[in-house]
There are 2 protein chains.
Amino acid sequence: MRAEALKGHLDGLLLATLEDGPLHGYAVKEALREVTGGRIDLPTGTVYPALHRLEGAGLISGAWGVANGRRRRTYRLTEAGHAALSGERAGWQEFATAVTFALKARPWPATP
Amino acid sequence: MRAEALKGHLDGLLLATLEDGPLHGYAVKEALREVTGGRIDLPTGTVYPALHRLEGAGLISGAWGVANGRRRRTYRLTEAGHAALSGERAGWQEFATAVTFALKARPWPATP
DNA sequence: CCTCATAGGTAGTAACGCTATATCGGGCCT
DNA sequence: AGGCCCGATATAGCGTTACTACCTATGAGG
């Protein structure tokens, strides 16, 4: 998949992955890769800054913990994060429908 | 629609709009707006640089003409542009399917 | 011991689309 | 005639975004 294709949609994917429960950064990356059958395989250099950004925006909250003697930063969705995810989903639907249609180059169906 | 959502998918939309026949820049913008019922309404400052970029990449070719005493640059798809459009369509399908699925947070269907 | 997978992170970069602004011709209104 | 809006083209500068390339560290397996 083209690398730059994600632009503007990454946040929603990360939020959706965290919706089912808290995960640490690497687990988010792995979950997304598995759920999409390898189609979306984000480099770690994309995931961690994005999570920091989302945390800074208050959409997720991270906490340091320890598992197997290793420190891990586990993130969970905040209230604002849940709301943002809804918005991302709606926005994606609208966007995807519009692009799919435009790529077909047919007139938009009448909505009376 | 969120402004930055387009990133990475603009080229395909422009190429698709030019598929039905040559158009000048402003007409591309208008056609895209009408075909999507106003959902994709690109600012001219987005359209013109993008067309220049596509021309530089050899995907479209532009020619100056005159209509109503005014100079207009009309673009048409090149061979490479037709090929690129096919690629963009396939890429979009793949991408849209993956994102739609990931946003639902369900396991990817088995593909045996 | 060394490598690999796991895990977290930063710096720097390039691309992309946006805002803002400028220009020009023609038509419309006063 | 003068002023204004619309159609049409264009550029400069900006902020965001995701990427590549690195760095650090630990536990497991060869």
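The structure displayed is predicted, hence computed values, not measured ones.
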Pairs satisfying salt bridge (Lys or Arg N to Asp or Glu O under 4.0 Å), at least one member in residues 55-66 of chain B, at least two apart: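 Sorted pair list: B/Glu55-B/Arg73.
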
Nucleotide of D/dA10, C/dA7, D/dC19 approaching B/Arg71 most closely (side-chain heavy atoms):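 That would be D/dA10.
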
If I take atom [atom1] from residue [X] and atom [atom2] from residue [Y], how far apart are they, to the nearest 0.5 angstrom?
X	Y	atom1	atom2	result
B/Glu19	B/Arg89	CD	CZ	4.0 Å
B/Lys29	B/Thr17	NZ	OG1	12.5 Å
A/Tyr26	A/Arg72	OH	CZ	11.0 Å

Rounded to the nearest Å, what distance is computed from the [atom1] atom of residue [X] to the [atom2] atom of nucleotide [N]?
X	N	atom1	atom2	result
A/Asp41	D/dA18	CG	P	16 Å
B/His24	D/dG7	NE2	P	11 Å
B/Leu6	C/dA15	CG	C1'	15 Å
A/Tyr26	C/dA7	OH	P	7 Å
A/Leu10	D/dT17	CG	C1'	9 Å
A/Leu42	D/dT17	CG	P	15 Å
A/Trp64	D/dA25	CH2	C1'	12 Å
B/Leu13	C/dC16	CG	P	14 Å

Proximity to DNA chain D (any heavy atom under 4.0 Å), residues of residues 44-57 of chain A only: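 Going residue by residue through residues 44-57 of chain A, the ones with a heavy atom under 4.0 Å of DNA chain D turn out to be A/Gly45, A/Thr46, A/Arg53.
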
side-chain N/O B/Arg72 vs D/dA8 OP1/OP2, d < 4.0 Å: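 Indeed, a polar side-chain atom of B/Arg72 lies that close.
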
Proximity of A/Phe95 and B/Trp92 rings by center, below 6.0 Å: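 So the answer is yes for these two rings.
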
Which atom of A/Thr74 lies closest to which atom of A/Pro22, heavy atoms considered: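 Reported closest heavy-atom pair: CG2-CB, 3.7 Å.
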
Contact summary for A/Thr78 and A/Gly58, nearest pair of heavy atoms: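 In terms of heavy atoms, the two residues are closest at OG1-O, 2.7 Å.
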
Most 5' of A/Arg70 and B/Gly25 on DNA chain D, judged by nearest nucleotide: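 Looking at the nearest nucleotide for each, B/Gly25 comes out on the 5' side.
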
Quiz item: B/Arg73 side-chain donor-acceptor pair to D/dT9 base, under 3.5 Å: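 By the distance-only test, no, there is no pair.
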
